[in-house]
Amino acid sequence: MVSKRSVLFLILLLFYFSNRSYGQNYYSFGQNIIGNGFVYECENYKGVGAVRLYNSNNALTNATQTRKSGGTITYNKPFNNLPDRVVYEPRIGLSVTNIVGSALNATEKNSVGTDILGITLYINSDTGKVMEVEFIFNPARSGFVHIPPEKYYNIERQIKQNIIFNVTTEGKSLNFNVFTHAVRGRDLQ
């Protein structure tokens with residue numbers, strides 16, 4: 001027979017580990033998150049159940065990429081053979097990962113474990129500067145759901161201030177460029 005003391009101990013142990021492992025979930029679909037200097041929108045990314053978190057001031061998040069000359073963009077090549085629009089340098093992906101790592105404390109880094117945070121950067125075609133940032137993560141399986149919105153806002157500001165791309169001739173012909181990077185929790189330092 002199990003004693004009341006053992007049951008109570010088990011309940012307290014479960015409560016401790018559930019709070020420690022999961023923390024607060026800040027994000028639900030259709031929610032506007034208002035913070036100091038920002039309003040984030042939280043939506044279901046392409047209906048797949050992933051959180052898409054972006055600043056409500058973003059104009060390009062749902063915009064269509066077009067040619068400045070007015071033509072549409074069509075490529076009859078596989079995705080991996082598309083012309084480069086921005087010059088990818090490995091340092092850019094590393095810099096984005098480092099910005100995320102610098103924004104999170106040790107407990108937050110531990111909570112994301114090996115999870116992945118997708119970051120999409122919308123780039124000015126003329127200057128190569130990042131104009132807008134969005135974040136994508138799985139709310140059911142990702143520790144990134146427990147990161148406070150203020151941290152994402154800080155990451156967004158740091159990326160805009162510190163990341164600049166070299167835009168190719170092809171990229172300069174477009175109204176904006178897009179760069180997507182996956183930040184892996186295990187790479188955060």
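- When side chains are defined from C-beta on, Thr120 counts as touching Val178, because their heavy atoms get closer than 4.5 Å.
- With Lys129 as the fixed residue, the side chain to side chain contact (heavy atoms under 4.5 Å, CB included) test singles out one of Ile164, Val167, Ile163, Ile123: Ile164.
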Checklist entry - So His181 and Thr97, side-chain hydrogen bond (donor to acceptor under 3.5 Å, both in side chains) or not? Walk me through it. => result CA-CA 9 Å; His181 179 67; Thr97 299; 3.0 Å; yes
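- Taken from OG1 in Thr61 to CD in Glu41, the straight-line distance is 8.5 Å, to the nearest 0.5 Å.
- In this structure Asp126 satisfies the salt bridge (charged side-chain N to carboxylate O under 4.0 Å, His left out) test together with Lys68, sequence neighbours excluded.
- Remark: Asp115 CG to Ile147 CD1 distance equals 10.0 Å, nearest 0.5 Å.
- Taking hydrophobic clusters as Ile, Leu, Val, Met, Phe, Trp and Tyr residues chained together by side-chain heavy-atom distances below 4.5 Å, Ile99 shares a cluster with Leu53.
- The nearest pair of heavy atoms linking Gly101 to Leu188 is N-CD2, 3.6 Å.
- Partner Val130 forms a side chain to side chain contact (heavy atoms under 4.5 Å, CB included) with one of Asn177, Ile159, Asn162 and no other, that one being Ile159.
- Here Lys151 does not pair with Glu156 in a salt bridge; the nearest charged N to carboxylate O distance is not below 4.0 Å.
- Taken together through direct or relayed side-chain contacts under 4.5 Å among Ile, Leu, Val, Met, Phe, Trp and Tyr, Leu60 and Phe135 form parts of separate hydrophobic clusters.
- Hydrophobic clustering places Phe144 together with Phe29 (ILVMFWY residues linked when any side-chain heavy atoms are closer than 4.5 Å, directly or through intermediates).
- No donor-acceptor contact under 3.5 angstrom links the side chains of Arg186 and Thr114, judged on distance only.
- Following chains of ILVMFWY side-chain contacts shorter than 4.5 Å, one can reach Ile33 starting from Leu117, so the two form part of one hydrophobic cluster.
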Item to check | Stepwise side chain to side chain contact (heavy atoms under 4.5 Å, CB included) test for Glu43 and Val51 | outcome: CA-CA 6 Å; Glu43 65 183 42; Val51 168; over 6 Å; no
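- Of all heavy-atom pairs between Tyr153 and Gly37, the closest is OH-O, 3.3 Å.
- Asn55 places no side-chain N or O within 3.5 Å of a backbone atom of Asn58 that could act as its donor or acceptor partner.
- In this structure, NZ in Lys160 is found 9.5 Å from CE in Met131, a value given to the nearest 0.5 Å.
- Scanning all heavy atoms of the two residues, the minimum distance from Ala50 to Pro139 falls at CA-CD, 3.8 Å.
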Check step by step if side chain to side chain contact (heavy atoms under 4.5 Å, CB included) holds for Val96 and Ile119. CA-CA 9 Å; Val96 170; Ile119 301 181; 3.8 Å; yes
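- Shortest non-hydrogen contact noted between Gln65 and Leu174 is NE2-CD1, 3.6 Å.
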Q) Between Ile92 and Phe165, does a side chain to side chain contact (heavy atoms under 4.5 Å, CB included) hold up when you go through it step by step? A) CA-CA 8 Å; Ile92 290 177; Phe165 289 84; 3.5 Å; yes
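- Here the shortest heavy-atom pairing between Tyr26 and Pro149 reads CD2-CD, 3.7 Å.
- A donor-acceptor pair under 3.5 Å links the side-chain atoms of Asn105 to the main chain of Glu108, judged by distance alone.
- Of the possible donor and acceptor atoms, one in the side chain of Ser56 sits under 3.5 Å from a partner among the backbone N and O of Val39.
- Taking all atoms of both residues into account, the shortest heavy-atom contact from Ser125 to Gly171 is OG-O, 3.4 Å.
- Taking 4.5 Å as the limit, every side-chain heavy atom of Arg67 sits out of range of all side-chain heavy atoms of Asn175.
- Other residues, nucleotides and ligands contribute at most 12 non-hydrogen atoms within 6.0 Å of the CG atom of Asn36.
- Each of Tyr54, Tyr122, Tyr40, Tyr152 was checked for a side chain to side chain donor-acceptor pair (under 3.5 Å) with Glu134, and the lone residue meeting it is Tyr122.
- Under a hydrophobic-cluster definition in which Ile, Leu, Val, Met, Phe, Trp and Tyr are linked whenever side-chain heavy atoms come within less than 4.5 Å, directly or via other members, Leu104 and Phe38 are assigned to the same cluster.
- A distance-only check finds no donor-acceptor pair linking the side chain of Gln161 to the backbone of Gln158 [under 3.5 Å].
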_Could you go through Ile116 and Val183, starting from their C-alpha distance and side-chain angles, then the distance that decides it, and tell me whether this counts as side chain to side chain contact (heavy atoms under 4.5 Å, CB included)?_
CA-CA 6 Å; Ile116 295 174; Val183 173; over 6 Å; no
